[in-house]
**Student:** 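First, the structure itself, so that you have it in front of you.
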Amino acid sequence: MRLSRMGAFYPTRLSFMRKLIRRLSREQAVVSRPVWEIDADGYGRAVYSVPLGGDVYSLVAFSTPLAPEHRSDRVIAEAWDTTYVLYDGVPTSRDLDRLAKNVPRQEAGRFARTELVLCRANKSVRLFEHVVERLSHGRQPDAETIRRIGYLLRTTAVYGNGKFGIADRSRIEMRPALRGAFQAEMLAVWLVRGFTHDLVEHIARERGGSHAVPLQAAVKRHIGVGNATGLGMAPFLISHPTLLHNWMLERETALAMVRAERRAAPETIDRFRTLLGRAGQHLGEWTTNDAIQASRIHDVRQELKDAAALATSAWLAEPFPWNRLVTHAERWSLECQELLVALILEPHGHLIDDIAQHWSNAQTPQIAPGTTLRQLNRHIAQQFAWALAIDFEAPEASHYFWYVSEDKQEPRLGDRRNEAGADQEMPLDVARQIQALAQALKTSDPDETTATFLIRRPDLRYVVRRVQTAVRHPYSEVQDNLISADCRPIDLLRCKLAQFGASKFDPKSDRWTRITLFQGAPTFDTIQGSDADDWCFPILDQGYETVTQ
């Protein structure tokens with residue numbers, strides 16, 4: 001639960017995207033397109049419907065002209081190339097007319113309980129136009145350009161859970177297909193991806209006529225959806241401690257189950273070694289201008305070669321191969337260790353997939369009022385030794401403060417000594433609050449109950465609740481000082497985005513990153529195939545290069 005490790009996470013087969021795709025494949029889902037009212041320039045509206053878990057969900061997509069100067073990844077933008085809503089059911093013409101007046105306005109629109117997810121996306125102008133132009137002339141896109149960018153549209157926000165008047169989580173939380181964390185949002189993004197494929201092919205046909213060709217299957221599958229994520233997502237892991245615990249517990253449980261396997265079947269060994277080679281190719285296609293991440297990629301590529309040399313078929317045939325490999329990996333970088341975790345879990349779906357059923361369990365932590373202060377002190381010593389060890393007398397220990405920007409409408413980091421606004425600080429200074437609680441307990445009767453103590457000190461209710469939550473949920477806390485000068489918020493972002501299933505992290509600073517979603521995932525016409533669950537560490541099929549040369 002240290003930031004350095006959380007900031008090295010990779011997506012695994014337990015990620016939200018993988019879980020969704022497995023369900024779609026298992027149910028042999030068929031995506032229909034009942035509405036396609038898109039003009040020759042690619043503007044208009046479309047509807048995609050898919051049955052899932054006994055219900056039908058529809059993505060309603062709107063594509064509108066956007067001046068280049070208005071195209072922005074910022075959450076405070078007011079116009080986008082495309083906007084979407086995930087609709088509960090199949091919308092009527094009247095519904096579409098209502099949505100057409102509101103969805104392109106996003107936050108400024110008005111919505112009903114049938115709207116489950118609201119999102120928007122802008123074109124990756126370079127790749128979008130490149131693909132349209134190539135297809136319109138009967139050629140496939142350039143392989144290197146596809147590898148370097150990897151998406152046609154980049155989402156700038158995907159909202160669910162009652163945001164801006166759309167349906168509350170309670171409307172869908174008992175539906176098996178959407179019960180898991182962020183399943184409605186992931187479904188919306190997967191459908192958006194399919195719309196982007198259709199959109200470029202449509203414009204290419206209109207532009208090139210009989211000369212135009214569709215995207216080849218290999219490149220279509222390799223094109224995902226981009227996303228730009230900043231500080232707005234970072235506080236989530238702190239404000240949802242039980243949810244964080246559940247995600248980490250399932251991950252660690254799965255890893256423990258695999259490490260406990262005494263023998264590896266020959267087919268499992270073969271599968272692992274195949275994936276090891278694929279991961280190496282994937283790293284070769286992962287580009288970034290961020291110096292820190294580029295250095296990590298360089299190092300892990302070499303370490304992965306060392307892992308491949310070590311983990312031969314014979315070596316893996318010895319007892320407890322996965323435990324030995326994880327133990328051996330401790331000499332390598334965190335980035336390599338976490339990549340190997342993802343690789344080790346991958347061939348063991350039969351063993352671990354069913355444990356990912358409690359991710360949506362995010363009950364609100366409650367204070368246990370009868371706990372004595374003696375017990376509370378013991379809990380602090382057991383669960384928060386890391387927080388007590390921080391020296392807050394040092395200026396760098398409380399360098400930053402988190403706040404919500406009134407102008408930008410999203411969380412931000414301020415310099416405590418040089419910027420105003422510390423009086424509006426968000427409660428992400430957990431370690432500092434733990435020390436304040438520990439200090440207050442020193443002058444209190446150890447036999448006093450927590451309830452009596454909090455009558456005197458109501459300002460400490462928040463941190464008392466966190467302490468008591470951590471006793472029952474040991475993975476609920478990020479065990480680092482989130483206001484220190486060396487805090488890297490991007491580590492929080494990568495942790496959560498890896499849980500989504502995101503790949504190819506491309507940091508633009510230590511506070512925001514671009515990522516790719518659903519790259520390599522099945523498309524609408526391959527979701528029923530036997531390889532629907534085989535898309536970890538995606539690479540562009542080598543046969544595609546031969547065709548395009």
**Student:** Work out which heavy atom in Pro34 is nearest to a heavy atom in Val47; give both atom names and the distance.
**Tutor:**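 Closest heavy-atom pair between Pro34 and Val47: CD-O, 3.2 Å.
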**Student:** Do Thr114 and Asp88 have side-chain atoms, one donor and one acceptor, less than 3.5 Å apart?
**Tutor:**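 Side chains of Thr114 and Asp88: no pair found under 3.5 Å.
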**Student:** Taking only residues two or more places apart in sequence, or in another chain, which ones meet Ala294 in a side-chain contact (heavy atoms from CB on, under 4.5 Å)?
**Tutor:**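 In terms of side-chain contact (heavy atoms from CB on, under 4.5 Å), with neighbours along the sequence ignored, Ala294 is linked to Thr288.
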**Student:** So, Gln140 side chain and Pro214 main chain: donor-acceptor pair closer than 3.5 Å or not?
**Tutor:** yes
**Student:** Please check this pair: side chain of Thr155 against backbone of Ala157, looking for a donor-acceptor N/O pair closer than 3.5 Å.
**Tutor:** no
**Student:** Can you tell whether the side chains of Arg22 and Asp533 come within less than 4.0 Å, N to carboxylate O?
**Tutor:** yes
**Student:** Quick one, Trp535 and Met17 - any side-chain contact, counting heavy atoms below 4.5 Å?
**Tutor:**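 A side-chain contact under 4.5 Å exists here.
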**Student:** According to the ring pair (Phe, Tyr, Trp, His ring centres under 6.0 Å) rule, which pairs have a member within residues 31-53, sequence neighbours left out?
**Tutor:** Trp36-His202, Tyr48-Phe524
**Student:** What donor-acceptor contacts under 3.5 angstrom involve side-chain atoms of residues 53-60, with partners at least two apart or in another chain?
**Tutor:**
residue	atom	partner	partner atom	Å
Tyr57	OH	Arg175	NH1	3.1
Ser58	OG	Ser49	OG	2.7
Ser58	OG	Gly89	O	2.6

**Student:** Does the side chain of Ser15 come under 3.5 Å of the side chain of Thr12 through a donor N or O and an acceptor N or O?
**Tutor:**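 Judged by distance alone, the side chains do not pair up.
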**Student:** I'd like to know if the side chain of Glu173 reaches the main chain of Arg169, judged simply by a donor and an acceptor atom lying under 3.5 Å from each other, with no hydrogens or angles considered.
**Tutor:** no
**Student:** Strictly under 6.0 Å, is that where the ring centroids of Phe16 and Trp247 end up?
**Tutor:** yes
**Student:** Is a salt bridge present between Glu115 and Arg98, judged by a nitrogen-to-oxygen distance below 4.0 Å?
**Tutor:** yes
**Student:** Any side-chain donor paired with an acceptor under 3.5 Å for Lys19 and Gln183?
**Tutor:**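 On atom types as modelled, these side chains do not qualify, holding no pair under 3.5 Å.
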**Student:** Arg2 and Asp480: salt bridge (charged side-chain N to carboxylate O under 4.0 Å, His left out), yes or no, with the steps?
**Tutor:** CA-CA 6 Å; Arg2 296 286 187 176; Asp480 260 309; 3.7 Å; yes
**Student:** Please determine whether the number of non-hydrogen atoms from other residues, nucleotides or ligands lying under 6.0 Å from atom CZ of Arg26 exceeds 12.
**Tutor:**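 Counting neighbours around CZ of Arg26, more than 12 heavy atoms of other residues, nucleotides or ligands fall under 6.0 Å, so yes.
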**Student:** Could you tell me whether Lys508 and Asp506 make a salt bridge, using a distance below 4.0 angstrom between a side-chain N and a carboxylate O?
**Tutor:**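 A salt bridge is present here (some side-chain N lies under 4.0 Å from a carboxylate O).
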**Student:** Under 3.5 Å, which donor-acceptor pairs do the side chains of residues 122-129 form with other protein atoms, sequence neighbours left out?
**Tutor:**
residue	atom	partner	partner atom	Å
Asn122	OD1	Asp81	N	3.0
Asn122	ND2	Ser72	O	2.9
Glu129	OE2	Arg207	NH1	2.8

**Student:** Assess the side chains of Ser170 and Asp168: does a donor N or O sit below 3.5 Å from an acceptor N or O?
**Tutor:**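 There is no such pair between these side chains.
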**Student:** Does the cation-pi check pass for Arg251 over Phe9, that is, NZ or CZ under 6.0 Å from the six-membered ring centre and within 45° of its axis?
**Tutor:** yes
**Student:** Measure the spacing between CD1 of Ile238 and CG of Leu244 and express it to the nearest 0.5 Å.
**Tutor:** 7.5 Å
**Student:** May I ask you to decide whether Arg18 forms a salt bridge with Glu346, counting only side-chain N to carboxylate O separations under 4.0 Å?
**Tutor:**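 Salt bridge: yes.
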**Student:** Which residues pass the ring pair (Phe, Tyr, Trp, His ring centres under 6.0 Å) test with Tyr475, sequence neighbours left out?
**Tutor:**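 With neighbours one apart ignored, the set is His245.
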**Student:** For Arg120 and Tyr84, indicate whether the former's side chain and the latter's backbone hold a donor-acceptor pair under 3.5 Å.
**Tutor:**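 The answer is no, because no donor-acceptor pair under 3.5 Å joins these two groups.
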**Student:** For residues Tyr87 and Asp95, determine if any side-chain heavy atom of one lies less than 4.5 Å from a side-chain heavy atom of the other.
**Tutor:** yes
**Student:** Supply the atom-to-atom distance Ile223 CD1 to Leu153 CG, rounded to the nearest 0.5 angstrom.
**Tutor:** 10.5 Å
**Student:** How long is the gap from CG on Leu540 to NE2 on His282, to the nearest 0.5 Å?
**Tutor:** 12.5 Å
**Student:** So does Arg13 pair up with Asp534, basic N to acidic O under 4.0 Å?
**Tutor:**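 Here Arg13 does not pair with Asp534 in a salt bridge, since their nearest N and O are not under 4.0 Å apart.
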**Student:** Is a side-chain donor or acceptor of Arg113 paired with a backbone partner of Ala167 at a separation under 3.5 angstrom?
**Tutor:**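 Absent.
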**Student:** Please tell me if the side chains of Asp198 and Arg33 come closer than 4.5 Å, counting only heavy atoms from C-beta onward.
**Tutor:**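 Heavy-atom side-chain distance check passes, below 4.5 Å.
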**Student:** For a 4.5 angstrom cut-off between non-hydrogen side-chain atoms, does Arg45 reach Asp97?
**Tutor:**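 SC-SC contact between Arg45 and Asp97 confirmed.
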**Student:** Given Phe500, which partner from the list Phe236, Phe182, Tyr10 fulfils the ring-ring contact (aromatic ring centres under 6.0 Å, His included) test?
**Tutor:** Phe182
**Student:** Quick check: do Val225 and Leu152 have side-chain heavy atoms less than 4.5 Å from each other?
**Tutor:** no
**Student:** If the test is side-chain contact (heavy atoms from CB on, under 4.5 Å), which one of Val131, Thr523, Asp525 qualifies with His197?
**Tutor:**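 In the set Val131, Thr523, Asp525, the residue that makes a side-chain contact (heavy atoms from CB on, under 4.5 Å) with His197 is Thr523.
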**Student:** Taking the side chain as every heavy atom from C-beta outward, state whether Leu118 and Gln106 have any pair of such atoms under 4.5 Å apart.
**Tutor:** yes
**Student:** Scan Met6, Met1, Gln499 and name whichever one has a side-chain contact (heavy atoms from CB on, under 4.5 Å) with Leu237.
**Tutor:**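 Of the listed options, the one satisfying the test is Met6.
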**Student:** Distance under 6.0 Å and angle within 45° of the ring axis: does Arg301 meet both against Trp286?
**Tutor:** no
**Student:** Taking atom CD1 of Ile203 and atom CD1 of Ile38, what is their separation to the nearest 0.5 Å?
**Tutor:** 8.5 Å
**Student:** Any side-chain to backbone donor/acceptor pair from Trp190 onto Pro522? Under 3.5 Å, distance only.
**Tutor:** yes
**Student:** Under a 4.0 Å N-O cut-off, is there an ion pair linking Glu338 with Arg5?
**Tutor:** yes
**Student:** Quick one: ring pair (Phe, Tyr, Trp, His ring centres under 6.0 Å) partners of Tyr159, sequence neighbours excluded?
**Tutor:**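 Partners of Tyr159 under the ring pair (Phe, Tyr, Trp, His ring centres under 6.0 Å) test: Phe164.
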**Student:** Does the side chain of Arg139 reach to within under 4.5 Å of the side chain of Val213, using non-hydrogen atoms?
**Tutor:**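 Not in contact.
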**Student:** Has the side chain of Ser63 got a donor or acceptor atom that lies under 3.5 Å from a matching backbone atom of Gly44?
**Tutor:** no
**Student:** Do Glu107 and Lys163 pass the salt bridge (charged side-chain N to carboxylate O under 4.0 Å, His left out) test, and can you show the C-alpha distance, the side-chain angles, and the key distance before you say yes or no?
**Tutor:** CA-CA 9 Å; Glu107 294 96 322; Lys163 192 89 167 178; over 6 Å; no
**Student:** Determine yes or no for a side-chain-to-main-chain donor-acceptor pair under 3.5 angstrom, with Ser25 supplying the side chain and Ile21 the backbone.
**Tutor:** no
**Student:** Is the shortest heavy-atom distance from the side chain of Met426 to the side chain of Val404 under 4.5 Å?
**Tutor:** yes
**Student:** Check this for me: does any side-chain nitrogen of one of Arg148 and Glu285 sit under 4.0 Å from a carboxylate oxygen of the other?
**Tutor:** no
**Student:** How long is the straight-line distance from CG of Leu517 back to CG of Asn227, given to the nearest 0.5 Å?
**Tutor:**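 Separation between the atoms: 5.5 Å.
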**Student:** Honestly, is Arg412 close enough over Phe401, meaning NZ or CZ under 6.0 Å from the six-membered ring centre and within 45° of the axis?
**Tutor:**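 Pair Arg412/Phe401 does not count as cation-pi.
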**Student:** For Glu252, I'd like to know if atom CD has over 12 heavy atoms of other residues, nucleotides or ligands within 6.0 Å.
**Tutor:** yes
**Student:** Cation over ring, Arg494 on Phe505, under 6.0 Å and within 45°?
**Tutor:** yes
**Student:** Taking Pro241's backbone N and O only, do any of them form a donor-acceptor pair with Glu477's side chain (distance below 3.5 Å, no angle check)?
**Tutor:**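 Checked: no pair found.
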**Student:** Determine whether more than 12 heavy atoms belonging to other residues, nucleotides or ligands lie under 6.0 Å from atom CG of Asp531.
**Tutor:**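 Yes, CG of Asp531 has more than 12 neighbouring heavy atoms, counting only those of other groups under 6.0 Å.
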**Student:** How many angstroms lie between atom CD1 of Ile527 and atom CD of Glu27, to the nearest 0.5 angstrom?
**Tutor:**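 If we round to the nearest 0.5 Å, Ile527:CD1 and Glu27:CD are 10.5 Å apart.
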**Student:** I'd like to know if the side chain of Ser295 reaches the main chain of Ile292, judged simply by a donor and an acceptor atom lying under 3.5 Å from each other, with no hydrogens or angles considered.
**Tutor:** no
